[in-house]
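Each remark here refers to the structure printed beneath this line.
Residue numbers start from 1 in every chain, and the chains themselves are labelled A, B, ... in the order their sequence lines are given, proteins ahead of strands.
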2 protein chains.
Amino acid sequence: MALYHKVKRELIADIQSGKFLLDKPLPNESDLAARFGISIGTLRRAVDELVSEHVLLRQQGRGTFVGQLDQERFMYQFFKLESEDGIREFPHSELIDFDTARANSEESASLGLRGNPKVFRIKNLLLLQGKPVVFDRITLSCALFPSLNQEQFVQRSGTIYDLFQREFGVTVVGADERTRAILADEEAASVLQIPIGSPVLRVTRIARTFNQQPAELRISIINSQAHELVSNTNPKS
Amino acid sequence: MALYHKVKRELIADIQSGKFLLDKPLPNESDLAARFGISIGTLRRAVDELVSEHVLLRQQGRGTFVGQLDQERFMYQFFKLESEDGIREFPHSELIDFDTARANSEESASLGLRGNPKVFRIKNLLLLQGKPVVFDRITLSCALFPSLNQEQFVQRSGTIYDLFQREFGVTVVGADERTRAILADEEAASVLQIPIGSPVLRVTRIARTFNQQPAELRISIINSQAHELVSNTNPKS
DNA sequence: AAGTGGTCTAGACCACTTG
DNA sequence: AAGTGGTCTAGACCACTTT
């Protein structure tokens, strides 16, 4: 395996262990290279990849920082809803239900759990311009988020993933999503304030931390009447 | 602007002008660097980016090639339908209709055309395991694909984008997509052999060539009963 | 054996931010 | 002015494919 790849893994381990503080820059590139006993070019290559994955953030003249799961990144990477006229807006969040239960088989499989361990089941609503648009059912392993409770969830100041990172050291770096069109059932229709049987998007997301470890299962029911899921496969050019 | 960025643009110009043959390797990296009067590291950086955008393809020991829009890349970048059990399959294609018309305003806006110039309107069906799954309505500017005709479209040997590249020098490098859930109208229901009013995905894609130039407008109606749209935002790690 | 891309080095100098 | 990341160089050596 290439040297820069090993260095990259070591940097990830340092991030996970909390060795780098979230609001302070990492050591500068010369120091890091010296610490690893490699040339600066190789160090830069490892950091380059982590930056391209949004795990690190470089700012010329200031330093290199651990990537925060703040609003901006959430909108960029995980919340890709846009109104027809192309306007994107950070959603307002409303907790509907917070519960613990035993994982069913789908949840266990998605989260990579064995048996039927305890999980949190959270129902949450996202609103845009005051109107309900996304109904999320979130499943989290209690083992991964041991002290999580409803108050902490509701009182969080930033995004949900920011809470995961700051309070539990779980850094969500990406997700797999599967999308289909279905008809709204009674619960979804009621929450989204649309007629039963309306066409809605159903997005199943498995959010992952480093090494493809699953951290969250989220099933989103989206009213796409006034908003669309956007994606692009364009180079920056 | 950085030197490697200029070199990248020159390489793109060479690809567009047909200077590099599709099935032969580019000059090796030392030669290219010498030709541009730059160091090999800088040349590699320009090529690195084009490789990451799938415009070029490097093969150690063999050489660097222009990225072909073949089945493999089509499946990887543009056809992200997967059955529930995770199986992906290259679809069979069936032409439904091939026509020319004046662009409507949506088509003009999407394709960056002025006025209401002539366009091709193509209706096409994609089948998986013999069953209709995707109903595509494709709009192309006649100006960009001057000699295109129905026979050529039907007789093509590879993907549609491969035809664009080989016959018209139009290299599709990416696309913007917007997805929503709707109810199948009469035409879509008939083509997809599902009841009218079934929930389906509606994906509006604008495929682009270099410099974000739009090349194709495609509206896909997808029966997501047995297949899902997949996407992921994961690093390779 | 010859030719290709892949990795790594050890520097120089530039652009940007902060004190 | 000092410190950071950003670009570029000129080479060495390795891994892989082809002849």
Side-chain angles (χ1 to χ4, degrees), chain A residues 1-12 14-15 19-68 70 72-73 235-237, chain B residues 1-12 14-15 19-68 70 72-73 235-237:
Chain A
M1 181 193 287
L3 181 52
Y4 74 90
H5 210 290
K6 288 181 191 163
V7 171
K8 184 180 162 186
R9 289 193 177 277
E10 292 198 55
L11 287 170
I12 288 174
D14 287 344
I15 294 166
K19 198 165 172 178
F20 301 139
L21 297 169
L22 285 185
D23 296 310
K24 297 213 179 297
L26 272 60
N28 71 48
E29 302 190 332
S30 311
D31 286 356
L32 280 176
R35 182 172 313 188
F36 287 116
I38 59 176
S39 79
I40 209 169
T42 302
L43 183 277
R44 276 188 66 80
R45 180 151 182 187
V47 174
D48 280 345
E49 291 205 358
L50 290 169
V51 168
S52 80
E53 295 162 10
H54 311 288
V55 173
L56 293 179
L57 175 66
R58 278 205 276 234
Q59 295 182 249
Q60 190 174 7
R62 299 204 342 112
T64 302
F65 301 80
V66 173
Q68 304 279 300
D70 55 11
E72 188 181 0
R73 179 163 166 207
K236 302 154 202 172
S237 159
Chain B
M1 183 192 290
L3 181 51
Y4 75 91
H5 210 291
K6 288 181 191 163
V7 171
K8 184 180 164 187
R9 289 193 176 276
E10 291 197 55
L11 288 169
I12 287 173
D14 287 344
I15 293 166
K19 199 165 174 179
F20 301 139
L21 298 170
L22 284 186
D23 297 310
K24 296 211 180 298
L26 272 61
N28 71 47
E29 302 191 330
S30 311
D31 286 357
L32 279 176
R35 184 172 312 188
F36 286 117
I38 61 177
S39 78
I40 209 171
T42 302
L43 183 276
R44 274 188 66 82
R45 179 152 184 185
V47 173
D48 279 346
E49 291 206 357
L50 291 170
V51 168
S52 80
E53 294 162 9
H54 311 287
V55 173
L56 294 178
L57 175 67
R58 279 205 276 233
Q59 295 182 247
Q60 189 174 6
R62 301 206 339 113
T64 301
F65 301 81
V66 173
Q68 303 278 301
D70 55 11
E72 188 182 358
R73 178 162 167 207
K236 300 156 204 171
S237 160

Excluding sequence neighbours, so at least two apart, what forms salt bridge (Lys or Arg N to Asp or Glu O under 4.0 Å) with A:K19?
A:D14
Just jot down the salt bridge (Lys or Arg N to Asp or Glu O under 4.0 Å) partners of A:R73, sequence neighbours excluded, or say none.
none
Taking side-chain hydrogen bond (donor to acceptor under 3.5 Å, both in side chains) as the definition, give me every residue that meets it alongside B:S39, ordered by chain and number, with sequence neighbours left out.
B:T42
Acceptor/donor pairs from residues 59-68 of chain A side chains to any protein atom, 3.5 angstrom cut, sequence neighbours excluded:
{"from": "A:Q68", "atom 1": "OE1", "to": "A:R166", "atom 2": "NH2", "distance (Å)": "2.8"}
{"from": "A:Q68", "atom 1": "NE2", "to": "A:L22", "atom 2": "O", "distance (Å)": "3.2"}

How long is the line joining CG of A:L32 and P of D:dG3, in whole Å?
17 Å
Would you sort out whether B:V7 and B:L32 count as a side-chain contact (heavy atoms from CB on, under 4.5 Å), showing the intermediate values?
CA-CA 10 Å; B:V7 171; B:L32 279 176; over 6 Å; no
Base, sugar-phosphate, or nothing: which does A:T64 touch, judged by heavy atoms less than 4.0 Å apart?
sugar-phosphate
Would you please enumerate the stems DNA chain D participates in, each stem being three or more consecutive Watson-Crick or G-U wobble pairs with both distances under 3.5 Å?
C:1-18 with D:1-18
Partners passing side chain to side chain contact (heavy atoms under 4.5 Å, CB included) against B:S52 (at least two apart in sequence or in another chain)
none
Within residues 31-51 of chain A or reaching into it, pairs that qualify as ring pair (Phe, Tyr, Trp, His ring centres under 6.0 Å) - sequence neighbours excluded:
none
Using a 4.0 Å heavy-atom cut-off to protein, can you give one letter per nucleotide of nucleotides 6-19 of chain C, 5' to 3': B if the base is in contact, S if only the sugar-phosphate is, - if neither?
BBSB-----BBSS-
Using the salt bridge (Lys or Arg N to Asp or Glu O under 4.0 Å) criterion, which residues pair with B:E29? Sequence neighbours excluded.
B:R44, B:R58
Does A:N28 make a side-chain N or O approach to OP1 or OP2 of D:dT4 shorter than 4.0 Å?
yes
